[in-house]
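Both ligands and their constituent atoms are indexed starting at 1 by order of listing. These values consider heavy atoms only, across backbone and side chains, with no hydrogens, waters or symmetry-generated copies.
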Amino acid sequence: MAKANENYLKLKAGYLFPEISRRINEFVEANPGKEVIRLGIGDVTRPLPPAAVKAFHEGVDDLAGTENFHGYGPEQGYAWLIDTIIEKAYNPLDVELDRSEMFISDGSKCDSANILDIFDLDNTVAIGDPVYPVYNDTNVMVGRTGEANEKGYYEGVVYMPCTEANNFMPEFPSENVDIIYLCYPNNPTGTVATKEQLKAWVDYALEKDAVILFDAAYEAFITEPGIPHSIYEIEGAKRCAIEFRSFSKTAGFTGVRCGLTVVPQELKVKGQSGDEVALNPLWNRRQSTKFNGVSYPVQRAAAAVYSDEGWTQVQETIDYYMENARIIREGLAEAGITCYGGVNAPYIWLKTPQGMSSWEFFDKLLQECFVVGTPGSGFGPSGEGYFRLSAFGERSTVEKAVSRIRDTWGK
Ligand SMILES: *Cc1c(COP(=O)(O)O)cnc(C)c1O
């Protein structure tokens, strides 16, 4: 008799986004003609950089003829793409990587989930709270956790609260942990880690023989100098960290799908026998067996992102989003609302005024400003009392939303 993986039954039904949709639909039905502005989404809205579109087309044309036809590519990605990323994105940070240490993929959601394949179930994981839900739910799916309690915390996972009280940088766990998820610039809080803070985590991981899974999906949005774009800017990180990057938010590839994972050759963990096991060959084996690489035209488009022309276009789009972020941040401040993030990340994390709960604020913002955001409590219990606004909108609607918020709270 076939049996299901019942770990999936431990997952709480996707509640956040269906509930948001339900409340919007209810509002729209009761208020026909009112223009609702959505600042809740975590998806880009601007088109691909023209240089990437051109290379994408050329890639397709190559496949249309016999001369430049490409079949299966290397599972790890084409060397010309890997070399370009190392040269353009890592070397300027003084980070040297070998080609064998980088794996091109169809995105970092997939990679941050699939990476669990190469770790024993016995490891204890630590994740932030609030958090990108993928880290939590994938650990539930593989069976590393027990059931969730009434707060939504799963048995066996170490949750690290990130709130105003610790400036959204978690304290070191008091219990033993083996795998630590860090995401900076952070989704949902929009906050960053300084070099000193990241160094403290690297030192901690090295001391505890733990591995850091570092999600750098938003590194391209960093505007302030001195904030690390890669964990490998920290000495010793190659011995304790895996890094995920994505073209999704950087270059508008959410619907195209391309990302990458770096697993340094120096990264080793203890095996059952006490001998050291290098993780790079395990990930290489995992990808070679379960993945057949990203399509050739997509990799062509990704390489074009790092051409001079492509990178200028990418910067223009990021500047556009970050100008939205500035408008939101300053508008909220004028309305007397405390907010975080939005300087080095496309998310603004606001503290709900007058002690409202996240959902109370959601309802008031919808009813009075016709603006939709994401309740912080949807990202974890410590997100209660916070609210996420995204800067991925269209300028005129962002301005309209902010002016409505100012009119409501700024009086
Ligand atoms: C959007 C996002 C990603 C990117 O995921 P892709 O699968 O590459 O589209 C990764 N991590 C976080 C925290 C994100 O918000």
message: For F244, state whether at least one heavy atom is located under 4.0 Å from any atom of ligand 1.
response: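 No, F244 has no heavy atom closer than 4.0 Å to ligand 1.
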message: With a 4.0 Å cut-off on heavy atoms, is T254 in contact with ligand 1?
response: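 Outside the 4.0 Å threshold, so no.
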For [X], atoms of ligand 1 separated by under 4.0 Å from a heavy atom:
X: D215; answer: 10 (C), 11 (N), 12 (C), 13 (C)
X: S108; answer: 3 (C), 4 (C), 5 (O), 6 (P), 7 (O), 8 (O), 10 (C)
X: S246; answer: 4 (C), 6 (P), 8 (O)
X: K249; answer: 1 (C), 2 (C), 3 (C), 4 (C), 14 (C), 15 (O)
X: A217; answer: 3 (C), 10 (C), 11 (N)
X: G107; answer: 7 (O), 8 (O)

Any side-chain donor-acceptor pair under 3.5 Å between [X] and [Y]?
X: N284; Y: Q76; answer: yes
X: E87; Y: Y306; answer: no
X: T45; Y: E394; answer: no
X: Y296; Y: D62; answer: yes
X: Y154; Y: N139; answer: no

message: Can you confirm whether D308 is buried at CG, in the sense that more than 12 heavy atoms of other residues, nucleotides or ligands lie under 6.0 Å from that atom?
response: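 Count not over threshold, so no.
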message: Using every non-hydrogen atom in the two residues, find where L332 and I348 come nearest and quote the distance to one decimal.
response: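 Nearest pair, atom of L332 first, then I348: CD1-CG2, 3.6 Å.
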- request: Can you pull out the closest protein heavy atom to atom 5 (O) of ligand 1? Residue, atom name and distance to 0.1 Å, please.
  value: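 Result: K109 N, 3.5 Å.
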- prompt: Identify the closest protein heavy atom to atom 9 (O) of ligand 1: which residue and atom is it, and at what distance?
  reply: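 Nearest neighbour among protein heavy atoms for atom 9 (O) of ligand 1, to 0.1 Å: S248 OG, 2.6 Å.
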field: Proximity winner for atom 15 (O) of ligand 1, if only heavy atoms of Y218, F253, F247 are counted
entry: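 Residue with the shortest heavy-atom distance to the ligand atom: Y218.
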message: Against F387, only a single residue in Y347, F361, W359 fulfils ring pair (Phe, Tyr, Trp, His ring centres under 6.0 Å); can you say which?
response: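 The single option meeting the ring pair (Phe, Tyr, Trp, His ring centres under 6.0 Å) with F387 is F361.
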